[in-house]
Amino acid sequence: MTNIEHPENDEKYTGLTVNSGVEQPPIVNPYMTRRRRKPLPSVGEMVEGILKGDVTMLSRAVTLVESLSQEHQTIAQEIIEKCLPHSGNSRRIGITGVPGAGKSTSIDTFGLHVLKSGGKLAVLAIDPSSERTKGSILGDKTRMEKLSVHPCAFIRPSPSAGSLGGVARKTRETIVLCEAAGYNNIFVETVGVGQSETAVHSMVDFFLLIQLAGTGDELQGIKRGIMEMADGIVINKADGDNIDRARLAQAQFRSALHLFPPTLSGWMPEVLCYSGYYEIGIAEVWEMINRYFDFVIKNGHFERKRQEQARYWMYETINEQLRNHFYNDADVEALLADREQRVLDNRQSSFTAARDVLDFYFKKL
Ligand code: GDP
């Protein structure tokens, strides 16, 4: 996922960037010993800690989920299996919007609103750009000032390494751990520009699209697919002299939504205006989300969708592992390079070249 349109990814971007840093001088203090890593608790201890809501244990387990080490992955899977029976009891809400739409400000405000009525909230993120920047621009604690100091909120930035599929799988597994730890509200944030929405959509119950008004033709530039996925569209920054423009955008979105085919859930997506910063219309947005949950729980769509998602992730995991096994094989890699050159030189067709490599791989298994 390198083709994501992020202002931060633009060569000409002059805002905050991550520098590679300077090399550290050697340690001169003879009494200094390297900090030893804390030994890993056993799977049983971790699971027990998670079920008790111990945030340190939860964080350590999430780190294992995100780890690239095979050994850590094995432990992580054991923990997940044990947490699975205690998961599922949450509202999973996906939140998307282009950079600057006000996702972090809104999550901060919505989050506090949700926590007012008790319970716990986990904020996770899927940020495909982090592969390039090696650092996540989403889910950063400092972006959500109020929530980050709330004792009932758990904020975790996007896992950074791997393909979008891999990153998304890790977030999906983190949801299981958070639910087992008693987080009954889960927000999954993503940047509204690429395929990451599809990944988030496949792990949440409700998908919220944050839009802005006052940018000219409101509907331009929004991928139809993203609008079709949305269960609710909210127009942020409906404050000050922006209110009229927000109302206009609301009307435009409402009429555009009428042109879309009915949703699988039978729910008609709603369009609301609010201001995340000035905290206007927050309760209304949350009420809309509650109405959605009541509606889909009653008509059975909620359960069906969760089952469908569980199946989707089973196949996604198989696909990801098969792909990794194939592409990580050194012999396959060498043969691929050779066949690719032949295809480029017009000496072999794409199909026979692909068949050569696949035949070789299957024989090798
Ligand atoms: P993100 O990139 O989608 O996470 O967006 P941010 O939450 O960082 O917001 C981008 C900018 O919009 C910041 O300067 C915010 O202060 C501003 N902003 C966010 N929400 C509102 C709002 O409701 N009203 C106004 N006027 N500004 C807002």
Side-chain angles (χ1 to χ4, degrees), residues 4-10 13-18 93-114 121-130 132-133 135-150 153 155-158 160 171 186-194 196-197 199-200 204 207-216 218 221-223 226-227 229-230 232-250 253 271-286 288-289:
I4 291 296
E5 296 160 27
H6 266 301
E8 287 85 350
N9 283 349
D10 193 324
Y13 180 68
T14 52
L16 199 64
T17 52
V18 180
I93 296 166
I95 298 173
T96 193
V98 293
K103 291 181 294 302
S104 22
T105 314
S106 306
I107 290 174
D108 214 21
T109 316
F110 283 135
L112 285 186
H113 179 80
V114 172
L121 167 70
V123 181
L124 313 176
I126 292 185
D127 177 7
S129 71
S130 58
R132 191 187 148 203
T133 54
S136 173
I137 61 164
L138 290 185
D140 185 346
K141 286 185 184 196
T142 55
R143 295 165 65 239
M144 295 154 201
E145 280 173 27
K146 289 174 242 151
L147 264 191
S148 60
V149 292
H150 197 293
I155 303 177
R156 187 86 188 183
S158 173
S160 59
T171 304
I186 314 270
F187 288 177
V188 186
E189 179 189 12
T190 194
V191 175
V193 279
S196 48
E197 286 73 34
V200 174
V204 298
F207 199 60
L208 187 72
L209 171 62
I210 298 182
Q211 284 294 141
L212 289 179
T215 47
E218 316 305 352
I222 306 166
K223 294 194 187 72
I226 297 182
M227 258 186 84
M229 273 188 253
I233 297 178
V234 283
I235 296 148
N236 190 19
K237 309 193 188 182
D239 45 54
D241 53 11
N242 204 24
I243 293 181
D244 289 342
R245 268 173 292 173
R247 293 257 157 77
L248 184 66
Q250 181 183 24
F253 276 113
V271 188
L272 297 175
C273 292
Y274 78 107
S275 165
Y277 189 83
Y278 294 100
E279 303 179 19
I280 306 166
I282 304 298
E284 286 76 5
V285 174
W286 193 243
M288 177 235 309
I289 296 176

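Counting convention: from 1, in listed order, for ligands and their atoms alike. All figures in this text were calculated on a predicted structure; none of them were measured in a lab.
- At distances below 3.5 Å, at least one donor-acceptor pair connects side-chain atoms of Gln250 with backbone N or O atoms of Val271.
- Side chain of Asn236 to main chain of Ile210: no donor-acceptor pair is present (N/O by atom type, distance under 3.5 Å, no hydrogens or angles).
- Within ligand 1, counting atoms from 1 as listed, the ones closer than 4.0 Å to a heavy atom of Lys103 are 1 (P), 2 (O), 3 (O), 4 (O), 5 (O), 7 (O).
- Near Ser275, with a cut-off below 4.0 Å to any heavy atom, the atoms of ligand 1 are 22 (C), 23 (O), 24 (N).
- Under the side chain to side chain donor-acceptor pair (under 3.5 Å) criterion, Ser106 pairs with Tyr274, not counting sequence neighbours.
- Ala101 counts as a contact of ligand 1, since one of its heavy atoms falls under 4.0 Å from the ligand.
- Remark: ligand 1 atoms within the under-4.0 Å shell around heavy atoms of Val98 are 3 (O).
- Once rounded to the nearest 0.5 Å, the distance linking CD1 of Ile186 with CD1 of Ile93 reads 9.5 Å.
- Heavy-atom contacts of Gly276 reach the following atoms of ligand 1: 23 (O) (cutoff under 4.0 Å).
- An N or O contact shorter than 3.5 Å is missing between Glu189 and ligand 1 by distance.
- Listed by atom number, the atoms of ligand 1 under 4.0 Å from Ser104 heavy atoms are 1 (P), 4 (O), 6 (P), 7 (O), 8 (O).
- Counting heavy atoms from C-beta on, the side chains of Lys103 and Val98 never come closer than 4.5 Å.
- Residue Asp239 has at least one heavy-atom neighbour below 4.0 Å for each of these atoms of ligand 1: 22 (C), 23 (O), 24 (N), 25 (C), 26 (N).
- Thr109 contributes no side-chain N or O that, together with a main-chain N or O of Glu279, makes up a donor-acceptor pair within less than 3.5 Å.
- Judged as a ring pair (Phe, Tyr, Trp, His ring centres under 6.0 Å), and not counting sequence neighbours, Phe187 has no contacts.
- Heavy-atom contacts of Pro99 reach the following atoms of ligand 1: 2 (O) (cutoff under 4.0 Å).
- Contacts of Asn242 with ligand 1, taken as heavy-atom pairs under 4.0 Å, are absent altogether.
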